[in-house]
2 protein chains.
Amino acid sequence: MKTTRQRAILSLIATRPVHSQEELASLLEAQGYEVTQATVSRDVKELGLVKVPLKSGTGAAQQFKYVEPSITTNFSSRLHRVIAELVVHVVGAVNQIVLRTPPGGAMMVASAIDAAEWPEIIGTIGGDDTVLVLLASTDDLPVVVQRFEDLRAEAQSA
Amino acid sequence: MKTTRQRAILSLIATRPVHSQEELASLLEAQGYEVTQATVSRDVKELGLVKVPLKSGTGAAQQFKYVEPSITTNFSSRLHRVIAELVVHVVGAVNQIVLRTPPGGAMMVASAIDAAEWPEIIGTIGGDDTVLVLLASTDDLPVVVQRFEDLRAEAQSA
DNA sequence: TTGCATACTGTATAATTATGCACGATATGC
DNA sequence: GCATATCGTGCATAATTATACAGTATGCAA
């Protein structure tokens, strides 16, 4: 039955890395669900699962992870979402603000800030886990730092 | 240059639906970045982008969305993450608890609860946006409801 | 029962993505 | 300078995923 099979899929991917739908089909077969890759593909789509790159080196393995539906629908603005989910730390000095993110997150944060086009900001530079935000004036520092903190605060727990 | 091109990719996918890496390559070309699908594939991997199914109907379009790196690394337990992100509402009665989720999220929540194997819980049923949790005893109701609320509370803002 | 609609699936194949290999550019050490 | 190493890339193709189509099963109304 479709529902139980899909639940089995969720259980499987929560347990171990799965690298392809063929592999998933094999694992399901071992549990008594005999289905083809085609069906697995449909299940994966219905469950909203996505294949995420595990590490960026060549030859890196992949596994399935699910993207919770809420991620794509809940947050109102991209900037808000990105800051809330990716910014770990905020600190400012003179006319500069440094934002820390998990590894690999900096470019997304920088991109989102650019897109927001805040007038106080004259530019951003995103590295791997650090974003440098340059302000037009030293006077803007406390206001903008506070704004970042506020965006961040709404999801501080995770 | 690789970095600016990758930032352009982030900007593109934030702006409009992109259905394939070929399409992304075309859009980049329009901005002066001439690259092949192969390079886009590598960029997508490095940025941690994933292709998410947009709707489940046949012939449904897809687009790129990024999975924030934090999603795969931050939360400690699957149950915690799933409850925090997916459970919208909790209500209990007698020996039953009903959890509401965004559409499509119920099965994941049910699966995660099953995997956690809480002793008070004798079973779960996941529909589309509703999970029914059955408890062994009426006495367990307030305790378990509170536990769900606590898990949820840590991310209530989103 | 018959006819029709819906749901689920497999087969075959199209579409898409990932990657081995080679090459050119740039940097590093001798 | 020259050898060597690293990085980014394209090309060709392998690997993986999505889907058009057809078949089976089920439910329901006439």
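Heavy-atom basis, side chains included; hydrogens, waters and symmetry copies ignored. First the proteins, then the strands, lettered A, B, ... as listed; each starts at 1.
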Got a second to check how far A:Met107's CE is from A:Asp129's CG, nearest 0.5 Å?
-> 12.0 Å
Below 4.0 Å: OP1/OP2 of D:dA15 and any side-chain N or O of A:Gln21 | no
Could you check how far CG of A:Leu49 sits from P of D:dT16, rounded to whole Å?
-> 18 Å
Pairwise 5' ranking along DNA chain D for B:Gln37 and B:Lys2, keeping only the more 5' one | B:Lys2
Any A:Arg5 side-chain nitrogen or oxygen under 4.0 Å from OP1 or OP2 of C:dT9 = yes
Is the phosphate of C:dG10, meaning OP1 or OP2, less than 4.0 Å from a side-chain N or O of A:Thr39?
-> yes
Verdict with supporting geometry, B:Lys45 and B:Arg42, side-chain contact (heavy atoms from CB on, under 4.5 Å) | CA-CA 5 Å; B:Lys45 178 190 271 191; B:Arg42 296 177 183 116; 5.7 Å; no
Quick one: is B:Lys51 getting a side-chain N or O under 4.0 Å of the C:dT17 phosphate, OP1 or OP2?
-> yes
Whole Å only: how far is the CG atom of A:Leu47 from the C1' atom of D:dA18?
-> 16 Å
CZ of B:Arg42 versus P of D:dT6: gap in Å, rounded?
-> 18 Å
Could you state the NE2-P distance from B:His19 to C:dT16, rounded to the nearest angstrom?
-> 10 Å
Please examine the side chains of A:Arg7 and B:Thr124, heavy atoms only from C-beta on, and report whether any two atoms are closer than 4.5 Å.
-> yes
Exactly one of A:Leu49, A:Ile13, A:Val50 clears side-chain contact (heavy atoms from CB on, under 4.5 Å) with A:Val44, and that residue is A:Leu49
Presence of B:Ser20 side-chain N/O under 4.0 Å of C:dA15 phosphate oxygens OP1/OP2 = no
Nucleotide D:dT17, atom P - distance to CG of A:Leu24 in whole Å = 9 Å
Between atom NZ in B:Lys45 and atom C1' in D:dC7, what is the gap in whole Å?
-> 16 Å
Expected output: side-chain A:Asn95 to main-chain A:Leu135 donor-acceptor under 3.5 Å = yes
Taking atom C1' of C:dT19 as reference, at what distance in whole Å does atom CG of B:Asp43 sit?
-> 15 Å
In residues 26-36 of chain A, which ones come under 4.0 Å of DNA chain C, going by heavy atoms?
-> A:Glu34, A:Val35, A:Thr36
For A:Leu134, the rest of its hydrophobic cluster, which grows through side-chain links under 4.5 angstrom = A:Val91, A:Val98, A:Ile122, A:Ile125, A:Leu132
Starting at atom CD of B:Glu46, determine the distance to atom P of C:dT19, rounded to an integer number of angstrom.
-> 12 Å
Whether A:Arg152 side chain and A:Val87 backbone form a donor-acceptor pair below 3.5 Å | yes
